[in-house]
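Below is one structure, written out as C-alpha cells; comments come after it.
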Amino acid sequence: MISLACELAGVRFANPIWAASGTFGFGRPYADLYPLRKLGAIVSKGLTVRPRTGNSGTRLYETPSGIMNSIGLENPGIRAFLERELPEMTTYGTAVIVNLGGSSIPEYVEGARLLDDYCQWLQASGQKAVDMLELNISCPNVKEGGLAFGLDTEQARKLVKEVRQATSLPLIIKLAPGARDLTEMARMCEYEGADGVSLINTIQAMAIDIRQRRSVFDRAYAGLSGPAIKPIALRMVHQVARAVSIPVVGVGGISSASDIVEFVMAGATAVQIGTYNMMNLRAGDTLAEQLIDLMNEEGIQSLEEIRGII
Amino acid sequence: MAKVLSNMPLAPGIYLLTVEGTYRARMGQFYMLRCWDSYPVLSRPISVHDISPESISFLYRAGGIGTHLLAKLQPGDSLQLEGPMGRGFPEPEGRTAIVGGGMGTAPMLLAARQLPEAQVFLGFKDAPFGVSRFQDIHSNVTVVSGGMIADHIDPACYDTILACGPVPMMEALAYKTEGSSAKLYVSVEKRMGCGIGACNSCAVTINGTVRKVCTDGPAFPAKEVNWIDLLSL
Ligand SMILES: Cc1cc2nc3c(=O)[nH]c(=O)nc-3n(C[C@H](O)[C@H](O)[C@H](O)COP(=O)(O)OP(=O)(O)OC[C@H]3O[C@@H](n4cnc5c(N)ncnc54)[C@H](O)[C@@H]3O)c2cc1C
Ligand SMILES: Cc1cc2nc3c(=O)[nH]c(=O)nc-3n(C[C@H](O)[C@H](O)[C@H](O)COP(=O)(O)O)c2cc1C
Ligand code: FES
C-alpha cells in the first residue's frame, strides 16, 4: 500500500497535493463538490490586514493553454477571515494554510501578528487553528504589492526576517518567477529561518485589445498561470531544490498525476494545484488516487524514492 | 459526463444543444460547459434555456474556440456540465415582463415557461431566431426586429421586469424604468474562471460593493448595477 502522507515543517499532510492560493477561495465553494479531506491542504486566498476590493476592469483572460488574472488581492481582510471563514475551514479535515499578502513591511508584520495571536488563542482554548503561513512576496497584481519584495533579495530579506520574528507558525515563502536571482532568494529564505519555499506565483504577462488600442487589463500587466507555465515552473523548482535544504513546494500548471511526479522528481516535497481547479472543478477529488495508480504502474513505492532524482 | 441528445443549428451560428438527464434549475441560472480536455483552458458559462423532465437545453452562439467545439457535438457525444450556477432571477412580484435581446433571449425561455402570466418581449438586431420556441409555450410574445426593444415596453404596466441582452439594451431599459414603480432585474456577463465563487474573476460593483456574477448573480437589480463595470467583460 502506497502512502502519500508527508510532513513539512513539522506539519502532517494526508498527501502532498494542496489547493493553491486564489483559485480555491477558502474551500467552501468546493466543499459541495467533493470531500476536501482528499487534499493535503487548502491555501487560502491571499489575505491582507485590511479588506481589499480588488482591481477594476477585466480580471481574467484566456490564453493558449493558460489564463491571465488581475484580481488584485480582493479579500475580506484577516479579521473577517478569522471570524467568518476559518471556523468552517478547519472542519474540512485538511490542513489550513493562510496566504499572507501586503504592500509594506509593517502591514505584513501586522498581519502575521494578528494571525499568530489568534491562533495561539484558538490553540489555548483547544480549537483547531491555522497550520501554516505562506508569505506571498510575489503577487504581480497590486500596486507596490508583494512583488516589489519578490524581485530583489535584499528587499525580501527585510520582510522575511521581520515576518519570521512576528510568527511562531510554520512559515513558507512564495517566490516570484521574476526574481532577479531565484536561487539566491531561496537561500536567503532558508538563512532567515523560513521552513520552506513555494514556487512559482504567476508570471507577469500582457494582452492587448487591438481594437481599443489598450491593454486588456486596467493595470497593464497581469499574471499568467496554467499549463503554459508548467515547464518554466518545473525548471525553477529544480534549480531551487538543488540550492536549498528546506522543503520546496512546486506550483505552476500542474494538471495531472504525471505532472505531480515530474515536480517531485525535480525536487518538490509537495505541490499546489491552481488553475487546474477551474479546468476541472473536481480535480482534488481524484488526483491523489490517480497519483497512486500512476506510482503503482511505474513501480514507485514512495515519493521519497523519486524526490529530486533529476 | 452527460450525453448529447441533439445539437441543431437554429440560425447561422446559433445552436440549440439538448442534453439527456433530469436537471433542476431556476430561470437565469447557468452551467459551465466543457466538451474538451485541456484546450481551451476554461469551461464556458451558458444559461439554461429550457428544461424538460428528461433533458436540459442550451441556446448558444458559436463565436470563439470553445463554443465552436460545442457546435461540433453530435448526438451520443458526451460533455461535462457543472451547475446549476448562480442564483438566477428572483421570484417576480405582480405583473411581469420578460425581456430578451439577441443571445440574451437564451435564459428567458425558462422564465417564460415558469411565468405563464407574464408578457414576453424578444428583440433582435437582425433576423429573429428561436422565437417559435417561445410561441410554442407562451401566448403573449412580442417580437421586435431592429430598433429599440425598450421603446415597446411601458414600465408603468409592470411590477417586475426581468431582462437579459446587450448592455446598451439593458441600460436603456433601466433609464426608462427609472421613476416607475417597476423593479427591473438584469442578467449580466463577466468572464468566469470557476463559476462557483472561488477565484474572484467575475467581480461587479453592485450597490457600491464588489459582488460575484457567478454566485451572487448573474441577475441583479438594475438600479444597483454600475454600468461602466460591464463595458469590459
Ligand atoms: C452567466 C452567463 C450566461 C451566459 N449564457 C449564454 C447563453 O445562454 N448563450 C450564449 O450564447 N452565450 C452565453 N453567455 C456568453 C458565453 O459564455 C460566451 O459567449 C462564451 O463564453 C464565449 O466562448 P467562446 O469559446 O465562443 O469565445 P472565446 O473568445 O474563445 O472566449 C475566450 C474567453 O472569454 C470568455 N468570454 C467570451 N465572451 C464572453 C461573454 N460574453 N461572457 C462571459 N465570458 C465570455 C470565454 O468564456 C473564455 O473564457 C453567457 C455568459 C455568462 C457570463
Ligand atoms: C485567479 C488567481 C488568483 C490568484 N491569487 C493568488 C493569491 O491571492 N496569492 C498567491 O500567492 N497566489 C495567487 N495566485 C497564484 C496561484 O496560487 C499559483 O501560484 C499560480 O496560479 C500558478 O499555479 P497554476 O498554474 O497551477 O495556477 C492566483 C492565481 C490565480 C489564477
Ligand atoms: S468565476 Fe470564479 S468567482 Fe466567479
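Worth knowing before you read on, the calculation uses all heavy atoms, side chains too, and leaves out hydrogens, waters and symmetry mates. Just so we're on the same page: letters track the sequence lines, and every chain starts at 1. It should be emphasised that the depicted structure is a prediction, and the values quoted were computed from it without experimental measurement.
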To the closest 0.5 Å, what do you measure between [atom1] ([X]) and [atom2] ([Y])?
X	Y	atom1	atom2	result
Arg28(A)	Thr215(B)	CZ	OG1	11.0 Å
Leu281(A)	Ser43(B)	CG	OG	6.5 Å
Lys212(B)	Glu74(A)	NZ	CD	6.5 Å

Which bit of [X] comes within less than 4.5 Å of chain A, counting heavy atoms only: side chain, backbone, both or neither?
X	result
Met32(B)	neither
Asn200(B)	both
Leu42(B)	both

Does the side chain of [Y] come within less than 4.5 Å of [X]'s, by heavy atoms?
X	Y	answer
Arg59(A)	Lys190(B)	no
Tyr30(A)	Cys194(B)	yes
Ile196(B)	Asp32(A)	no

Look at atom CZ of Arg214(A) and say whether more than 12 heavy atoms of other residues, nucleotides or ligands are closer to it than 6.0 Å.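 Correct, the count exceeds 12.
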Would you name the heavy atoms of Leu33(A) and Glu82(B) that are closest together and state the gap between them?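 Looking at all heavy atoms of both residues, the closest pair is CD2-OE1, 4.1 Å.
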Is the shortest distance from a Lys or Arg side-chain nitrogen in Arg191(B) or Glu62(A) to a carboxylate oxygen in the other one below 4.0 Å? no
Side chain / backbone / both / neither for Thr275(A) at chain B, heavy atoms under 4.5 Å: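 Looking at Thr275(A), just its side chain touches chain B.
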Measuring heavy-atom distances to chain B, does Thr53(A) have an atom under 4.5 Å in its side chain, in its backbone, in both, or in neither?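 Answer is both: backbone and side chain atoms of Thr53(A) are under 4.5 Å from chain B.
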Can you tell me which of Ser38(B), Ser201(B), Ser232(B) forms the most heavy-atom pairs within a distance under 4.5 Å of chain A?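 Top count of heavy-atom pairs under 4.5 Å with chain A: Ser201(B).
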